[in-house]
Number of protein chains: 2
Amino acid sequence: MANMQDVAKLANVSVTTVSRVINNRKYVNEETKQIVLEAIQTLDYVPNELARSFYYNSSKMIGLLIYDLKNDFYNQFITRIESQLIEKGYSLMIGTTQGNPEREAYFLNLFLANNIDELILCTNLCTQGPLLQKVLKLPLVSVGRVLSDEVSSVSADNTSGGQLAAQILIQNRCREILFVNGPKTLHSVQEKSAGFYQVMDQYPEIHVHEVILDFVNVTQTSFDQLFRQWPSIDGIFAASDFLAACALRSLHSLDKKVGEAIQVIGYENTNVCLCTNPLLSSIARPLEEMVDWTTQLLFQEVQGDKTAPRHVLLKNSFVPRETTQWK
Amino acid sequence: MANMQDVAKLANVSVTTVSRVINNRKYVNEETKQIVLEAIQTLDYVPNELARSFYYNSSKMIGLLIYDLKNDFYNQFITRIESQLIEKGYSLMIGTTQGNPEREAYFLNLFLANNIDELILCTNLCTQGPLLQKVLKLPLVSVGRVLSDEVSSVSADNTSGGQLAAQILIQNRCREILFVNGPKTLHSVQEKSAGFYQVMDQYPEIHVHEVILDFVNVTQTSFDQLFRQWPSIDGIFAASDFLAACALRSLHSLDKKVGEAIQVIGYENTNVCLCTNPLLSSIARPLEEMVDWTTQLLFQEVQGDKTAPRHVLLKNSFVPRETTQWK
DNA sequence: TTGAAAGCGTTACCAG
DNA sequence: CTGGTAACGCTTTCAA
């Protein structure tokens, strides 16, 4: 691969001049510029970004740590934020932890060693000790959860999500509700519950059955049993769309009219909602707003304002589809 | 951030010695080593990977260009291959083209400028001219499609996928089949059709209705009309799982017993299959094999054997679920 | 077993 | 407007 020296030699100028041409600096004669550009063309010269990053000790890279790539929300998040970062001349380095502490440490070290300029966290951190200390020195933003007071964050208010679901079910005149919750250890689950019951507690005449199911290891049969146990359920709030999808299959085999005799609301508005039968109504996080805030906080931090972490909390919204009736 | 000099100074040795310690070279006294390691500890020193890459003119990075992150198959692909590459000391730099030629060029240039060591292509390329020339000089492997004779590739034989679907439907005694195909411009679609008809043409008594639908802009209503037009359809082969999911919703509203009165087979075995009602049977690509071959070809190429591109063609398999009956 | 110095490709500074 | 040179952090070679 040709380098700046080669170009300089061919164009009969100094490397300094070549550098000036490449970076579009002033103080270079138009004619000289043309000669240099030609030389660049004929040599197929590409500036070595590695050398440049090395010199500036800044890679123009932003690390993004995430649990995995399966999540629809974070997929859309990545797509949108990547476009915004490209515009600012940055690109994304993505690491998936898979819930594996070693992978987490591996990627954090990789990010650090590659001098990423900023860090976006889309997952919980289990790293401790010196590595964590180094990470916390970076400008960073946590997305979807508040990690600590010191780390800026952008998240959606799960409490409002729970409230919203409760309100919709009540509006739709449900009287006996199945609340399919996730593991209580998750902070998001706790918030969701809190919001849900905040509203429900105002309606003592409405009965709520709460049940805790694993988000991934669910099958239709888990629900078959529940519906046999409580046959007069007329509303369901599921803590994930996948959970809701399983419920729908069970309801179908029991010949219940979903959207009429029984209302179902999922959570997170993933692509699952577009494949179920009937199409699943769900609670959605404000994607665009979250991305825009993340970008803003990120570059606010990079301005050196590392002393003032901010926590942005946004509202969820309801996306009606076929599993809820609405006027 | 501390650098090697700082460590050397603190440990009262030369940078050379520090370098030796870091890289676990021999010819360094055990005591000296301990002193250096301590210095590294106290200074929180992290070797600057950028400087190292710069020196070696190799980033230990592998570029991966992909259409987007929504695809379940490629998500799993990335997850698995990333683990294999990490083991070999490489990491992944991911670029999503979104079908945008500018984005494609942007990422290819980014990869080139960052001296990626190898390239994995999980999408078609529309880049031409000098950029393409530079890209083709890299060791690269195309996944999912044969790009050209000169580029090694790993893909699944869509012809076999089409054959497989036809065989299953016939085994299950379908007599009037709806073949919901995608746009003929796609190479994969052509292959699939070829395989499907290769088998079907041997059974003149079976009737096939072929219909071409857009993979993404489909709704249930597209199917409502088709089933009204051909009410005695008893088998469906859809060119994508999403297409099949839409068909299922339509069948449901028409009260057809799926899996009994009518058999449905999707394509690609995405997570969609786990959300439909009933659960969708589908044709799957051999993920593990594809990843393993990709890794192998990649490192075969990097050994300098750039002159002998190989094309690996693997077989698809059938994943039975609830939309097909089977003994 | 250790260290001094050259070199990787680029940019910034200072002289001309 | 142009060019020489130091500097960025690390590895390697060669000499001690």
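Naming: A, B, ... by sequence-line order, numbering from 1 per chain.
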Side chains of A:I40 and A:I22 in contact at under 4.5 Å (non-hydrogen atoms):
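Yes; the side chains approach each other to less than 4.5 Å.
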Which part of the nucleic acid, if any, lies within contact of [X], taking any heavy atom under 4.0 Å across all strands shown: a base, the sugar-phosphate backbone alone, or nothing?
X	answer
B:N3	sugar-phosphate
A:V13	sugar-phosphate
A:T16	base

May I ask you to decide whether [X] forms a salt bridge with [Y], counting only side-chain N to carboxylate O separations under 4.0 Å?
X	Y	value
A:E82	B:R103	yes
B:K70	A:D72	no
A:E118	A:K60	no

Whole-Å distance separating the [atom1] atom of [X] from the [atom2] atom of [N]:
X	N	atom1	atom2	answer
B:R25	C:dG3	CZ	P	17 Å
B:R52	D:dC8	CZ	C1'	16 Å
A:N23	C:dA12	CG	P	7 Å
B:K33	C:dT2	NZ	C1'	16 Å
B:Q5	D:dA7	CD	P	11 Å
A:Y27	D:dG3	OH	P	16 Å
B:M4	D:dG9	CE	P	11 Å
B:R20	D:dC14	CZ	C1'	11 Å

Looking at the side chain of [X], which of [options] is the nearest nucleotide?
X	options	value
A:V15	C:dC8, D:dT5, C:dG3	D:dT5
A:Y55	D:dG3, C:dA12, C:dT2	C:dA12
A:N48	C:dT10, D:dT2, C:dT2	C:dT10
B:S19	C:dG3, C:dG9, D:dT11	D:dT11

Face-on cation placement of A:R20 at A:Y27 ring, 6.0 Å and 45° thresholds:
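Judged by the rule, A:R20 and A:Y27 form no cation-pi pair.
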Proximity to DNA chain D (any heavy atom under 4.0 Å), residues of residues 39-46 of chain B only:
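Only B:Y45 qualify.
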Looking at A:M290, is its backbone amide N or carbonyl O close enough to the side chain of A:T294 to form a donor-acceptor pair, meaning the two atoms are under 3.5 Å apart?
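Yes: the side chain of A:T294 pairs with the backbone of A:M290.
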Check the pair B:Y74 / A:L69 against side chain to side chain contact (heavy atoms under 4.5 Å, CB included), numbers first and verdict last.
CA-CA 10 Å; B:Y74 284 113; A:L69 296 176; over 6 Å; no
Return yes when atom CD of B:Q34 has more than 12 non-hydrogen atoms of other residues, nucleotides or ligands closer than 6.0 Å, and no otherwise.
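More than 12 heavy atoms, drawn from other residues, nucleotides or ligands, come within 6.0 Å of this atom.
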Strictly below 4.0 Å: does B:T17 bring a side-chain N or O up to OP1 or OP2 of C:dT2?
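Negative; the distance criterion is not met.
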Under 4.0 Å between a side-chain N/O of A:T32 and OP1 or OP2 of D:dC1, yes or no?
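The answer is no; no side-chain N or O of A:T32 sits under 4.0 Å from OP1 or OP2.
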Both B:V28 and B:F54 contact DNA chain C. Which one's nearest nucleotide lies toward the 5' end?
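On the 5' side of the pair lies B:V28.
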